[in-house]
Amino acid sequence: MRDPKVIPEKLRAWYDRHARILPWRVPPHAGHAADPYRVWLSEIMLQQTTVAAVKSYFQRFTELWPSVDDLAAASDAQVMAEWAGLGYYARARNLLACARAVAAMGGFPDTRRDLAALPGIGPYTSAAIAAIAFDRSETVVDGNVERVVARLFAVQTPLPAAKAELIALAETLTPMRRPGDHAQAMMDLGATICTPRSPACGICPLLEDCAARAQGIAAELPRKALKKPKPLRLGTVWIGLAEAAVLVETRPPKGLLGGTLAFPSTGWDGSDLPPPAPAEWRDIGMVRHVFTHFALDLTVMTAPLTGPATRGRLMALRDFRPDALPGLMRKAWNLARQP
DNA sequence: TACCCGTGGCG
DNA sequence: TCGCCAAGGGT
């Protein structure tokens, strides 16, 4: 019943009318290709991150660094500061490493294989850039596509075990013509109609082709393995204030919040570090923050510094930008500056 | 394979 | 208030 070619044709027709307008996107039939730099930058930012959260960051980055060569010339600290708040900070470190590699080789490679050799570019992102920026017929599989395909073919296997099967099914839909628009159409469909909860099947262009819809189980797919409960961890952070300055440190380059600007803290994994300086530390309250795999209750201590610090460095308040902090540290700062 | 790695919005 | 989830990659 389901002709494998009818689905991409219907999808393309729907996309031509309903494509989302996004700052990094070239509309269908624009007559020119997308800029690989802007495609790459947006794809990195969009990894596990919503379109709404990315928009202002994309705008800011492309203003500061209009080309990959401009970005390659930026400092680590500046890129980390501009990325602050977006999360998954390994992306920012890999972003800069990738920009420098691309600048050194004179531009982005135009095949999926060569793209995937660059830092921060994996199976999804390499396929997306190859299809969208270089018109390569690659199959782009993200969370949206997994969901759309699982429903179209009524795949009952739970994720992540179903991953290989979903990729194989998605490949059967990839066209030779306009593969980039096809990829973006699949993702737009997943983001606006074939949504995780209460999908809008009534207005779906693939309604007649959807096996899950026919069985009445669209909203139940894709099935997912049970996830482990998140442990609660405890920690302490110290915000030391000197004359028009605050005690900060740059966190170690790897691990949680790696490379970000922070206040000295315990390790919040049981390690029991001492305060970074002698002072009359005062407990001003606690902030809760939920990471991917654990929750954290962080006790916030403040004090005017009275002796030399054993950790961190003093930063003048005029140079200190709270929005250069990751979310957890921003919460602590906001608590500390309240009366 | 199974972890590790942020954040904000939404029902 | 809380669990779920979002254009994943690295190890």
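Below, chain A is the first sequence line, B the second, and so on; all start at residue 1.
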Classify the nucleic acid contact of [X] as base, sugar-phosphate or nothing, counting any heavy atom under 4.0 Å across all strands shown.
X: A:Pro160; value: nothing
X: A:Thr125; value: sugar-phosphate
X: A:Leu95; value: nothing
X: A:Trp24; value: base
X: A:Val290; value: base
X: A:Arg93; value: nothing
X: A:Gly85; value: sugar-phosphate

Please give the distance between the [atom1] atoms of [N] and [M] as a whole number of Å.
N: C:dT11; M: B:dT1; atom1: C1'; answer: 11 Å
N: B:dC5; M: C:dA7; atom1: P; answer: 23 Å
N: C:dG10; M: B:dG8; atom1: P; answer: 24 Å

Which residue lies more 5' along DNA chain B, comparing A:Arg197 with A:Ala161 via nearest heavy atoms: A:Ala161
Quick one: are the ring centres of [X] and [Y] less than 6.0 Å apart?
X: A:Trp40; Y: A:Phe108; value: yes
X: A:His289; Y: A:Phe291; value: yes
X: A:Trp83; Y: A:Tyr88; value: no

Phosphate contact ([N] OP1 or OP2) by [X] side-chain N/O below 4.0 Å:
X: A:Lys228; N: B:dC3; result: yes
X: A:Thr49; N: C:dA7; result: no
X: A:His293; N: B:dC3; result: no
X: A:Arg147; N: C:dA6; result: yes
X: A:Tyr89; N: B:dT7; result: yes
X: A:Gln48; N: C:dG8; result: yes
X: A:His289; N: B:dG6; result: no
X: A:Lys227; N: C:dC5; result: yes

Between [X] ([atom1]) and [N] ([atom2]), how many Å, whole number?
X: A:Leu115; N: C:dG8; atom1: CG; atom2: C1'; answer: 16 Å
X: A:Asp142; N: C:dA6; atom1: CG; atom2: P; answer: 9 Å
X: A:Leu256; N: C:dT11; atom1: CG; atom2: C1'; answer: 16 Å
X: A:Phe294; N: B:dC5; atom1: CZ; atom2: C1'; answer: 9 Å
X: A:Lys331; N: B:dG6; atom1: NZ; atom2: C1'; answer: 10 Å
X: A:Leu86; N: C:dG8; atom1: CG; atom2: P; answer: 13 Å
X: A:Glu146; N: C:dA6; atom1: CD; atom2: P; answer: 9 Å
X: A:Leu41; N: C:dA7; atom1: CG; atom2: C1'; answer: 13 Å

Could you work out which one of C:dA6, C:dG9, C:dA7 sits closest to the side chain of A:Pro196? C:dA6
Of the listed nucleotides C:dA7, B:dC5, C:dG9, the one nearest the side chain of A:Gln47: C:dG9
Is it the case that C:dG8 (base atoms only) and A:Tyr124 (side chain only) share a donor and an acceptor within less than 3.5 Å, ignoring hydrogens and angles? no
Side-chain-base donor-acceptor pair under 3.5 Å for A:Thr292 and B:dG6: yes
Do the charged groups of A:Arg321 and A:Glu82 touch, with an N to O distance under 4.0 Å? yes
Between A:Asp110 and A:Arg136, is there a salt bridge with N-O shorter than 4.0 Å? yes
Scan side-chain atoms only and decide if A:Gln59 and A:Glu63 contain a donor-acceptor pair under the 3.5 Å cut-off. yes
Do A:Thr174 and A:Glu138 get their side chains close enough for a donor-acceptor pair, meaning under 3.5 Å? no
Heavy-atom nearest nucleotide on DNA chain C for A:Asn144 versus A:Pro119: which residue maps closer to 5'? A:Asn144
